[in-house]
Amino acid sequence: MRLLTHNMLASNVRGATTGYPLKLEAAKWVTKEVELNADFLRGLLPKIDWRALVAATRALGLPELLPEEQPPEEEIFAEGAANVEGSAIRRIHHALLEIHVQEGSLVCPDTSRCFPIDKGIPNMMLHEDEV
C-alpha cells in the first residue's frame, strides 16, 4: 500500500465520526523506485492531506523526509527541481509513490478498529455488526 492510498482511506465503522486519518502501524515496508511525473504530482497535491502524510512518514520512522508545513508550490515545482536529489518534489514523490507498506495495520482514530495490511493490501472490510 502506497502512502498515497493511505492518505485517501477512511474508516466507515459504525460510531466513527470522521474515521480519518487512519493511524499507520507498519511492521514491514519497502521502497520501489517509480519515475517522477511532475504534472501528475501537480494535479495530485491539492487532494493530499499534508498533515496525514507527514504523520504517516513519521510512523515509518522517517521524521526528516517531509517538513511539518507543506512547502510553497513555487519551491516544489521550481524549474529543474525534479533533477535535484533531496528537493521538495523528490521527497514528496518518494513519500507518496515509492514507499510501499507490506505488512501492518491501519487504526481508526474514533473507534480504534484495526484494519490489517497483508502483502501490501489493506483489508477495510467491515463485520456485520460494524455496518
Side-chain angles (χ1 to χ4, degrees):
M1 176 191 74
R2 291 181 167 132
L3 295 189
L4 168 60
T5 304
H6 168 262
N7 202 270
M8 304 290 171
L9 291 175
S11 170
N12 289 321
V13 174
R14 183 183 322 151
T17 50
T18 62
Y20 184 86
L22 296 169
K23 180 182 173 198
L24 178 61
E25 295 177 348
K28 178 183 174 190
W29 60 274
V30 297
T31 299
K32 297 179 183 177
E33 196 170 314
V34 176
E35 186 176 338
L36 192 147
N37 182 329
D39 291 332
F40 175 72
L41 286 175
R42 188 184 309 276
L44 182 65
L45 215 47
K47 299 170 180 75
I48 296 298
D49 181 321
W50 186 261
R51 294 199 189 284
L53 179 60
V54 169
T57 61
R58 304 276 191 283
L60 294 175
L62 303 169
E64 303 301 318
L65 183 59
L66 298 173
E68 284 295 322
E69 298 297 321
Q70 182 175 325
E73 211 172 285
E74 302 79 42
E75 178 186 338
I76 297 170
F77 300 106
E79 185 70 34
N83 300 321
V84 177
E85 192 65 37
S87 65
I89 192 170
R90 303 262 307 189
R91 292 191 321 265
I92 294 166
H93 165 80
H94 180 68
L96 286 171
L97 301 169
E98 294 185 329
I99 295 173
H100 293 254
V101 178
Q102 298 296 306
E103 306 292 331
S105 59
L106 300 169
V107 181
C108 175
D110 301 323
T111 65
S112 299
R113 165 66 150 85
C114 214
F115 298 96
I117 303 168
D118 186 37
K119 297 179 184 144
I121 301 170
N123 181 350
M124 302 297 292
M125 296 290 291
L126 299 177
H127 302 275
E128 243 181 74
D129 62 335
E130 296 176 314
V131 179

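Here R91 does not pair with E64 in a salt bridge; the nearest charged N to carboxylate O distance is not below 4.0 Å.
Neither F115 nor Y20 shares a network with the other; the hydrophobic side chains, linked directly or stepwise wherever heavy atoms of I, L, V, M, F, W or Y lie under 4.5 Å apart, form separate groups for each.
A81 and S87 make their closest contact through O-OG, 2.7 Å (heavy atoms, listed as atom of the first residue, atom of the second, distance). Residue I76 comes nearest to P71 through the heavy atom pair CD1-O, 3.3 Å, listed as atom of the first residue, atom of the second, then distance.
Without hydrogens or angle criteria, R2 side chain to L97 main chain gives a donor-acceptor distance under 3.5 Å. Side chain of H6 to main chain of A52: no donor-acceptor pair is present (N/O by atom type, distance under 3.5 Å, no hydrogens or angles). With T111 contributing its side chain and C108 its backbone, the two residues share no donor-acceptor pair below 3.5 Å. A donor-acceptor pair under 3.5 Å is formed between the side chain of R58 and the backbone N or O of L66. At distances below 3.5 Å, at least one donor-acceptor pair connects side-chain atoms of W50 with backbone N or O atoms of E68. With hydrogens and angles disregarded, a donor-acceptor distance shorter than 3.5 Å links the side chain of E103 to the backbone of K119. Proximity of a side-chain donor or acceptor of N123 to a complementary backbone N or O of P116 within less than 3.5 Å is not detected.
A heavy-atom distance below 4.5 Å is found between the side chains of L106 and M124. With a 4.5 Å cut-off on side-chain heavy atoms, D110 and V13 do not count as touching. Counting only heavy atoms from C-beta outward, the side chains of I48 and M8 approach each other to under 4.5 Å. You'll find the side chain of F40 stays beyond 4.5 Å of the side chain of L96, heavy atoms only. Contact check for L22 versus V107: no side-chain heavy atoms found under the 4.5 Å cut-off. W29 has its side chain out of reach of I117: every pair of non-hydrogen atoms, C-beta onward, lies at least 4.5 Å apart. For the pair R51/E69, a side-chain contact is recorded, criterion being any heavy-atom separation below 4.5 Å from C-beta on.
A side-chain contact (heavy atoms from CB on, under 4.5 Å) with L9 is found for one member of N7, N12, T5 and no other, namely T5.
With 3.5 Å as the limit, one finds no donor-acceptor pair spanning the side chains of T31 and E98.
The CG atom of L65 lies 12.5 Å from the CZ atom of R90; values are rounded to the nearest 0.5 Å. Annotation: the span from L4 atom CG to H93 atom NE2 amounts to 11.5 Å, rounded to 0.5 Å. Between the CG atom in L126 and the CZ atom in R14 there is a gap of 10.0 Å [rounded to 0.5 Å]. Annotation: the span from K28 atom NZ to L60 atom CG amounts to 14.0 Å, rounded to 0.5 Å. With values rounded to the nearest 0.5 angstrom, L24 atom CG is found 11.0 Å from L53 atom CG. If you take CD1 on I89 and CD on E73, they are separated by 10.0 Å, rounding to the nearest 0.5 Å.
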